[in-house]
Amino acid sequence: MEKFYITTPIYYINDKPHIGSAYTTIAADVLARYYRNKGVDTFFLAGTAEHGSKIATSAEKAGKDPQSFADEMSAKFSTAWDVLQITNNDFIRTTEKRHAEAVNKFFLKLKDSGKIYEGEYEGLYCIGHEAFIKESELVNGVCPDHKTKPEMVKEKNWFFKLSEYGPILKEKILSLELVVAPEERKNEILSFIDQGLEDIAISRQNAKFALPLPWDESQTIYVWLDELFNYCTAVGYGTDTEKFNKYWPVDMHLVGKDIIKFHCVIWPALLLAIGEKVPKKVFAHGFFTIDGQKISKTIGNVIDPIEWATKYGPDVVRYFLLREVPFGQDGDISEEKLKLRYSGDLANGLGNLLSRITTLVEKYSPSLVIGEAQLWKTSDNIDELIENYKFHEALAKMWEWVAWGNKAVDENKLWELGKTDVKKFEEISTQILSCLVTTSTHLQPFMPEVSRKILEHLKKEKITKAEPLFPRVQ
RNA sequence: CGCGGGAUAGAGCAAUUGGCAGCUCGUCAGGCUCAUAACCUGAAGGUUCCCGGUUCGAGUCCGGGUCCCGCAACCA
């Protein structure tokens, strides 16, 4: 692989970062770090989606103009990612000038493609929402939020002929030119396409806080499409051809399973219409429940990833989320479960092994150093697991090594060997230290800080008793 | 019959192409003292949701049923 372009969705700034957006971003960061370590030219994009009437409304409520509201909210995301040690190469905001310009070019090209036409959209309009509402959302015929009956409204819109793209999308997905993963998501998309695609409206009338449609002043661009195009903007679409050609197409869009239709159907169809290559892969991860319950503000069980990161450390949050739930599936999390991982896997497992071996070495063989070439032998292929997004398995495998280390200390009674047979002591200790070095090396994309601490400590000229990596919390 | 996912030990989850049902936590018993009250060993604990079929052999494949959960695209 020569280059690796990976993206997270750009998050909607109507709310602060939550555990779900942190999860996607952490997973993307693991892959970005992994490929960077392998010497692959990696471009990792994150960002925020800032247009839409909801933002205008929220800004108004907060007594701010939309742009300063957006500035404030967007900053919460970029700081959150800093806290979580995310190494994105760029952070794009849809209210940036570069994006408006790129989107403008994109829509003009789209118009030239002949795949758009003027039409009429008819739907149920809720005055309270100031937006169209789906019939399926109604409760007893009224809007559940405003308790009012929506009106049937017609408005002029521009449409994209998505309906023409079913066969070609299907062909690209089946031929793996566009990989949709995991398998169950691919099946979902294929059956969705088989049900027949409908044309979509690409513009809205009078929408607040949205980009204008270049050729029709009365219309604004449907924010979803404006947002999808961020993936092109950030690598220089229309401004930096060299950069664009280098990184396009995207190697991996990492998304939540709720937005796969936008990424696997609408987005590739739009790209085909303007003559660009489709993404190579869209991977959808699952959703969390907390103690078996759906995460919801109403229930009040939302988790702030920054709170966890502050309390336990960013590496711990990264480890927990990727270890606890098989990537791609739904899973259940809670602070209790995090604490179990913290004390079990991290403090008692990895942390304790480092403590005991460094204490033993300092005490019985202070001159022992670990050479560069000494790597613990293992046939387990962590790289393969990471490249197949089996993060939980990769971590489980590494913790088998940690368990081996703890067992080796016990079985060889190192605390006795240190007094009776220094040569044998050094032999076993070197193996255990190498095991730690190997583990930490492979752990780097997941737990960069912890990995760095261990490696720095073990590669010093003199090995000394290490401070606890994971001190008791509370 | 809209589409899709799931049901396995007290809890949470694994089990290539069908081949002795495993792991972590918890529980019980023992060992150790280097270590962050940490570590190691052993044990108990299962009608793999139900009914039927294919097979030498089914958690896995086929048919039927029950119960959960997502999605069903113009809020993002």
Side-chain angles (χ1 to χ4, degrees), chain A residues 9-15 49-55 57 121-126 129-137 145 155 157 159 162 182-192 194-195 197-204 207 222-227 257-262 265-266 286-287 289 292 294 323-326 329-334 336-337 340-341 343-349 351-364 392-393 396 399-400 403 405-418 429 465-472:
Chain A
I10 48 173
Y11 302 108
Y12 198 52
I13 55 165
N14 200 36
D15 199 4
E50 310 182 2
H51 287 128
S53 52
K54 254 192 190 174
I55 303 301
T57 312
Y121 175 73
E122 192 177 24
L124 295 167
Y125 190 87
C126 171
H129 273 93
E130 294 188 55
F132 286 98
I133 182 167
K134 280 177 277 182
E135 200 176 338
S136 58
E137 282 177 333
D145 295 335
E155 74 170 39
N157 286 149
F159 283 76
L162 182 65
E183 199 68 17
E184 52 264 38
R185 297 280 93 83
K186 177 159 107 180
N187 295 339
E188 198 176 320
I189 288 297
L190 287 173
S191 74
F192 175 68
D194 283 341
Q195 286 167 47
L197 300 177
E198 289 170 24
D199 291 347
I200 54 162
I202 58 163
S203 69
R204 297 285 181 276
Y222 174 33
V223 288
W224 245 112
L225 307 190
D226 141 25
E227 287 162 15
K257 64 177 184 176
D258 53 335
I259 54 174
I260 47 169
K261 281 170 192 164
F262 288 95
V265 178
I266 297 175
F287 280 170
T289 50
K294 194 173 165 177
R323 176 66 188 84
E324 189 68 18
V325 179
Q329 296 180 26
D330 291 348
D332 189 63
I333 58 166
S334 65
E336 280 314 302
K337 288 184 172 177
L340 282 173
R341 292 281 176 199
S343 62
D345 297 358
L346 299 176
N348 299 347
N352 187 43
L353 179 60
L354 179 72
S355 292
R356 63 201 303 216
I357 193 65
T358 51
T359 306
L360 284 163
V361 169
E362 182 180 31
K363 194 164 174 185
Y364 297 112
H392 70 297
E393 281 186 47
W399 256 259
E400 283 178 22
N406 271 318
K407 197 168 161 179
V409 175
D410 274 68
E411 284 184 347
N412 293 290
K413 294 192 190 325
L414 276 193
W415 55 94
E416 280 178 18
L417 270 190
S429 299
K465 178 175 167 51
E467 286 305 305
L469 282 175
F470 305 100
R472 299 277 149 196

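Proteins come first, then strands; the chains are lettered A, B, ... in the order of their sequence lines, and each starts at number 1.
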Query raised in the report: NA contact type, A/Ala49, heavy-atom cut-off 4.0 Å: base, sugar-phosphate, or nothing?
Result: nothing
Query raised in the report: How would you label the contact of A/Phe192 with the nucleic acid (heavy atoms, under 4.0 Å): base, sugar-phosphate, or nothing?
Result: base
Report summary line: Rounded to whole Å, NZ of A/Lys337 lies from P of B/C23 at a distance of 20 Å
Query raised in the report: Going by modelled atom types, is there a donor-acceptor pair between the base of B/A35 and the side chain of A/Asn352 at under 3.5 Å?
Result: yes
Query raised in the report: Base, sugar-phosphate, or nothing for A/Val223, non-hydrogen atoms under 4.0 angstrom?
Result: sugar-phosphate
Requested in this report: Give A/Tyr11 one of three labels, base, sugar-phosphate or nothing, depending on what nucleic acid heavy atoms sit under 4.0 Å from its own.
Outcome: nothing
Query raised in the report: Expressed in angstrom and rounded to an integer, what is the separation of A/Asp332 atom CG from B/C68 atom P?
Result: 18 Å
Report summary line: For B/G52, the nucleotide meeting Watson-Crick or G-U wobble distances (both under 3.5 Å) is B/C62
Query raised in the report: If you round to the nearest 0.5 Å, how far is CZ of A/Arg323 from CG of A/Asp345?
Result: 6.0 Å
Query - Nucleotide nearest A/Asp410 (side chain, heavy atoms from C-beta), chosen from B/C71, B/C40, B/U36 - result: B/C40
Query raised in the report: Does B/C71 pair with anything, Watson-Crick or G-U wobble, both distances under 3.5 Å, and if so, with which nucleotide?
Result: B/G2
Query raised in the report: What nucleic acid atoms does A/Lys465 come within less than 4.0 Å of, heavy atoms only: base, sugar-phosphate, or nothing?
Result: sugar-phosphate
Query raised in the report: On a whole-Å scale, what distance lies between the P atoms belonging to B/A58 and B/U48?
Result: 12 Å
Query raised in the report: How far does the C1' atom of B/G19 sit from the matching atom of B/A7, given to the nearest Å?
Result: 24 Å
Query - Nucleotide paired to B/A29 in any strand shown, Watson-Crick or G-U, under 3.5 Å - result: B/U41
Requested in this report: Have a look at A/Gly52 and say if it touches a base, only the backbone sugar-phosphate, or nothing, with a 4.0 Å heavy-atom cut-off.
Outcome: nothing
**Report entry** Side chain of A/Asn348 - closest among B/U36, B/C32, B/G5
**Finding:** B/U36
Query raised in the report: Between B/A76 and B/G5, how far is it from one P atom to the other, in whole Å?
Result: 29 Å
Requested in this report: Please round to the nearest 0.5 Å and tell me the distance separating atom CG of A/Leu353 and atom CH2 of A/Trp399.
Outcome: 11.0 Å
Requested in this report: Take atom P in B/U47 and the same atom in B/A9, then report the distance between them in whole Å.
Outcome: 8 Å
Query raised in the report: Which listed nucleotide (B/U36, B/C34, B/G5) is nearest to the side chain of A/Asn187?
Result: B/G5
Query raised in the report: When the nearest nucleotide of RNA chain B is assigned to A/His51 and to A/Pro468 on a heavy-atom basis, which residue is associated with the more 5' position?
Result: A/Pro468
**Report entry** Interatomic distance, A/Arg356 CZ vs B/A38 P [rounded to whole Å]
**Finding:** 13 Å
Query raised in the report: Between A/Ile266 (CD1) and B/A73 (C1'), how many Å, whole number?
Result: 6 Å
Query raised in the report: Within the structure shown, what part of the strands sits under 4.0 Å from A/Ser191 by heavy-atom distance: base, sugar-phosphate, or nothing?
Result: sugar-phosphate
Report task. Using whole Å, report how far CG of A/Asp15 lies from P of B/C75. Result -> 19 Å
Query raised in the report: Between B/U33 atom P and A/Asn412 atom CG, what is the distance in whole Å?
Result: 15 Å
Query raised in the report: How long is the span from the CG atom in A/Leu469 to the OG atom in A/Ser355, to the nearest 0.5 Å?
Result: 7.0 Å
Query raised in the report: Among B/U33, B/G4, B/C74, which is the nearest nucleotide to the side chain of A/Glu416?
Result: B/U33
Requested in this report: Would you indicate whether the side-chain heavy atoms of A/Leu225 and A/Phe262 approach each other to under 4.5 Å?
Outcome: no
Query raised in the report: Looking at the side chain of A/Lys261, which of B/A72, B/G70, B/U36 is the nearest nucleotide?
Result: B/A72
Query raised in the report: Would you find more than 12 non-hydrogen atoms of other residues, nucleotides or ligands less than 6.0 Å from A/Glu467 atom CD?
Result: no
Query raised in the report: When you match A/Lys54 and A/Tyr364 each to their closest nucleotide on RNA chain B, which lands nearer the 5' end?
Result: A/Tyr364
**Report entry** Selection from B/C32, B/A76, B/A35 that lies nearest to any side-chain heavy atom of A/Trp415
**Finding:** B/C32
Requested in this report: Please measure how far the C1' atom in B/G59 lies from the corresponding atom in B/G6, and state the result in whole Å.
Outcome: 14 Å
Report summary line: Rounded to the nearest 0.5 Å, the CZ atom of A/Arg204 sits from the CG atom of A/Asn157 at a distance of 6.0 Å
Query raised in the report: When we call it a touch if two heavy atoms are under 4.0 Å apart, what does A/Glu411 touch: a base, just sugar-phosphate, or nothing?
Result: nothing
Query - B/G18 versus B/A43 - spacing of their C1' atoms, nearest Å - result: 32 Å
**Report entry** Candidates B/A14, B/U36, B/C34 - which lies nearest the side chain of A/Lys363
**Finding:** B/C34
Query raised in the report: So what does A/Leu469 hit on the nucleic acid, given a heavy-atom distance under 4.0 Å: a base, only sugar-phosphate, or nothing?
Result: base
Report summary line: Separation of B/C25 atom C1' from A/Trp399 atom CH2, nearest Å, is 17 Å
**Report entry** P-based separation of B/G10 from B/C69 [nearest Å]
**Finding:** 23 Å
Report summary line: Taken to the nearest whole Å, CZ/A/Arg323 to P/B/C13 is 13 Å
Query raised in the report: With a 4.0 Å cut-off on heavy atoms, is A/Leu360 in touch with a base, just the backbone sugar-phosphate, or nothing at all?
Result: base
Query raised in the report: Where the side chain of A/Asn406 is concerned, which of B/C39, B/A14, B/C74 is the nearest nucleotide?
Result: B/C39
